[in-house]
Amino acid sequence: MAMEKERHRRTCSALFLIALFILLILNGCLPASVDGAKAKAVFVTRSGSSLLLNGQNFRFAGANIHWLALDDYGNYSSQFRINDALDVAREMGLTTVRSLSMGISTGCSNCIESKLGNFNAKALEQDDYIIKEAEACGLRLIIPLTDNYHYATGGKHTFTDWRGISDENQFYTDQQVINDFETYIRTLLNHVNIYTGVAYKNDPTIMAWETGNELQPPTAWTQNISSYIKSLDPNHLVIDGRYGIDPNAASLTQVDILSDHYYPKSISRMNTDAQEAKQAGKAFVIGEFDWNDANGGDSLQNFLASVQSTPAVAGDAFWELWPHDDQYGYRSSVAQYTLHYPGNSGNERNSGVLLRLYAYKMRNQAVPAFSIPAAPLLETVVTGVSGNTLIWRGSANTATYSIERSTVGMQGPWSVICNKCATDYDTPWTDTQYLPTGTLWYRVIPYNLDGVAGVPSQAYQAGANQEIIDTLANWSHVYQHSTNLSLNTTNIKAINGDSPHVLRTTSTREFIIWKQSHITAFQVSAYFWSQEPVSPFSIYTSSDGVTWSVAKPQIISINRDWEPYVYTLQRLSDVNYVKVQWNNTTGHAWNPALGTVSILY
């Protein structure tokens, strides 16, 4: 596909190329190739210790993307982040994604089963979208069904908690709890995707159901649950979700695949596991492994070479792939396991390229040229005393960006002020060069790892806005506010040093209004205590301060102690007032806190 795209780039007009990338942005991945379409029409199957696709041996390279449906705080991942990650997985040559939050989704407000017997249509729709987009990218999915641990999206403890059982290991033995888990499985497998019209149990995009993540169950439980899954869904493979190889694996008649996880990477342990699985008559996959050589163990290069040369290993998924953030830069988790592709220079970039080469070896395909990046989204340009600061949303598969400036207009001519000098680690990026007088325009151009340019961003006019920064140290910038609010300077460390900030004194719907003629953009940071469900702020806009319209801000969240949410309104017109309203009326009055406000006009 990348080679085909390269031929189009050389032979088609620039206008056609722009149209092609607009199609990419709107639809996620490009349509699958003919061979990919054929592959998606059938299920992956097993014969002995081998996996088969269309009767041929199937070996895969994959990635863990645990956050696809829900992030680490139980919030829905945006469609942009989903598409960005799946685009990158495809570019890396991967064919399989393992996503924990698609199936481990119990006991939180945004989970599939938020409370016992209460199934959440919106959460299922999130999975629906991921499955649709994975199919469009030619990717198959591995979906674990519960977790051994206590994370925001639930696990085996959720089912025992619901029944008031303190010993969560009774998840494996208490028949009522087992029945509850089977109800959850049945609901998931029978659900009909609202986008495709296909029930999960009939969708070949799903390669396998995994009984859980890093469980330590009795063999009898695994046999019972795998048999239950197969009774509902004979089409899909079943992976034993035990951490390590069950010594009684040969007796698991309804289990197709055994797996293990490697932290750090260990070739000797991997070989032992693969042989034990083969002796049990099962396929073997590496469910997780640490890609980062900085953490010890065998080197990534040696580990991948050993996997590729060991036919008893059917596939693998490294831990783990993370996307661009909705506004700028990247989303991240535990630094040592977070891979951004193409990433920064050094170990991360070298590892990403190595994983891509390996993925195509596992497919027995020649490695194609790097794809051409789509246009980044230049979100805003803020004029400040130190220069003009550019904020853009990253484009998948981009290694570097150039930044160009014009003093004439949106069509140029353009002067290069940053020649492939910026990455997604550098945003926001400030133009500190000599700034010509008058209005300026900027655009951002992405480049792949071969230095081939993609489509430039839309041009953005700078110098047309002035900025007000309200740190909420006092009420001087505020037009009006309700009574039960106080300025606060405590708990600074928990809320990322954003001091001062505003707290309520009562759990009521309090508000703050800012007034400024011709507001073009508005941004505010809010901080939510992690021990209470997130009850988002409402934001309203008005031209006269009397008639209000509900605004739909872009909302991004960042993983911290008190989770910051950044609300952004852009490209506003006929707005002279903005109102922010608290909505949490059931929790603590001091949750959430409101932080710094930025107003462009």
Do any pairs count as a salt bridge (charged side-chain N to carboxylate O under 4.0 Å, His left out) and have a residue in residues 335-350, sequence neighbours left out, and if so which ones?
-> none

Verdict with reasoning, Arg81 to Asp326, per salt bridge (charged side-chain N to carboxylate O under 4.0 Å, His left out) = CA-CA 7 Å; Arg81 297 200 301 271; Asp326 296 88; 2.3 Å; yes

Only counting residues at least two apart or in another chain, list the ones meeting salt bridge (Lys or Arg N to Asp or Glu O under 4.0 Å) with Asp233.
-> none

Should the pair Asp174-Arg163 be classified as a salt bridge under the 4.0 Å nitrogen-to-oxygen rule?
-> no

Taking the side chain as C-beta and beyond, is there a heavy-atom pair between Ile112 and Asp127 under 4.5 Å?
-> yes

List the steps and the verdict of side chain to side chain contact (heavy atoms under 4.5 Å, CB included) for Leu86 and Leu139.
-> CA-CA 8 Å; Leu86 296 181; Leu139 296 165; 3.8 Å; yes

Under the ring-ring contact (aromatic ring centres under 6.0 Å, His included) test, residues paired with Trp221 that sit two or more places apart = Phe171, Tyr172

Could you tell me whether a side-chain N or O of Ser299 sits under 3.5 Å from a main-chain N or O of Asn302, the two making a donor and an acceptor?
-> yes

Using the test ring-ring contact (aromatic ring centres under 6.0 Å, His included), find all partners of Tyr149 that sit at least two apart in sequence or belong to another chain.
-> none

What residue among Asn213, Ile286, Asp290 forms side-chain contact (heavy atoms from CB on, under 4.5 Å) with His261?
-> Asn213

Pair Arg331 + Asp71, salt bridge at N-O below 4.0 Å | yes

Can you name the residues that form a side chain to side chain donor-acceptor pair (under 3.5 Å) with Tyr262, not counting sequence neighbours?
-> Asp273

Sidechain-backbone polar pair: Glu133 side chain, Ile82 backbone, donor-acceptor under 3.5 Å | no

Using atom types as modelled and distance alone, determine if a side-chain donor or acceptor of Thr310 lies under 3.5 Å from a backbone N or O of Ala312.
-> no

List for me each residue that meets ring-ring contact (aromatic ring centres under 6.0 Å, His included) alongside His340, sequence neighbours excluded, and say none if there are none.
-> Tyr330, Tyr425

Going through the distances and angles, do Leu52 and Arg46 end up as a side chain to side chain contact (heavy atoms under 4.5 Å, CB included)?
-> CA-CA 6 Å; Leu52 303 177; Arg46 177 178 67 92; over 6 Å; no

Taken in chain and number order and not counting sequence neighbours, the residues that satisfy salt bridge (Lys or Arg N to Asp or Glu O under 4.0 Å) with Arg269 are Asp260

Would you mind listing every disulfide bond (SG atoms under 2.5 Å apart) that reaches into residues 77-108, with sequence neighbours excluded?
-> Cys108-Cys111

Examine Phe181 together with Tyr228 and report whether their ring centres are nearer than 6.0 Å.
-> no

With sequence neighbours left out, write down each residue that passes salt bridge (Lys or Arg N to Asp or Glu O under 4.0 Å) with Lys282, or none if nothing qualifies.
-> none

Residues forming a ring-ring contact (aromatic ring centres under 6.0 Å, His included) with Phe303, sequence neighbours excluded = Phe289

Could you give all pairs that pass the side-chain hydrogen bond (donor to acceptor under 3.5 Å, both in side chains) test and reach residues 58-69, with sequence neighbours left out?
-> Asn64-Arg98, His66-Asp72, His66-Glu320

Steps toward side chain to side chain contact (heavy atoms under 4.5 Å, CB included) verdict (Ile178, Asn224) = CA-CA 10 Å; Ile178 292 172; Asn224 289 338; 6.0 Å; no

Tyr200: which of Thr205, Ile143, Thr187, Asp128 passes side-chain contact (heavy atoms from CB on, under 4.5 Å) | Asp128

Closest approach of Ala277 and Phe284, non-hydrogen atoms and distance?
-> CB-CB, 3.6 Å

Within 45 degrees of the axis of the six-membered ring of Tyr341 and under 6.0 Å from its centre: does Arg356 put its NZ or CZ there?
-> no

For Lys230, check side chain to side chain donor-acceptor pair (under 3.5 Å) against everything at least two apart and list the hits.
-> Asp256

So do Tyr358 and Gln308 actually touch side chain to side chain, heavy atoms under 4.5 Å?
-> yes

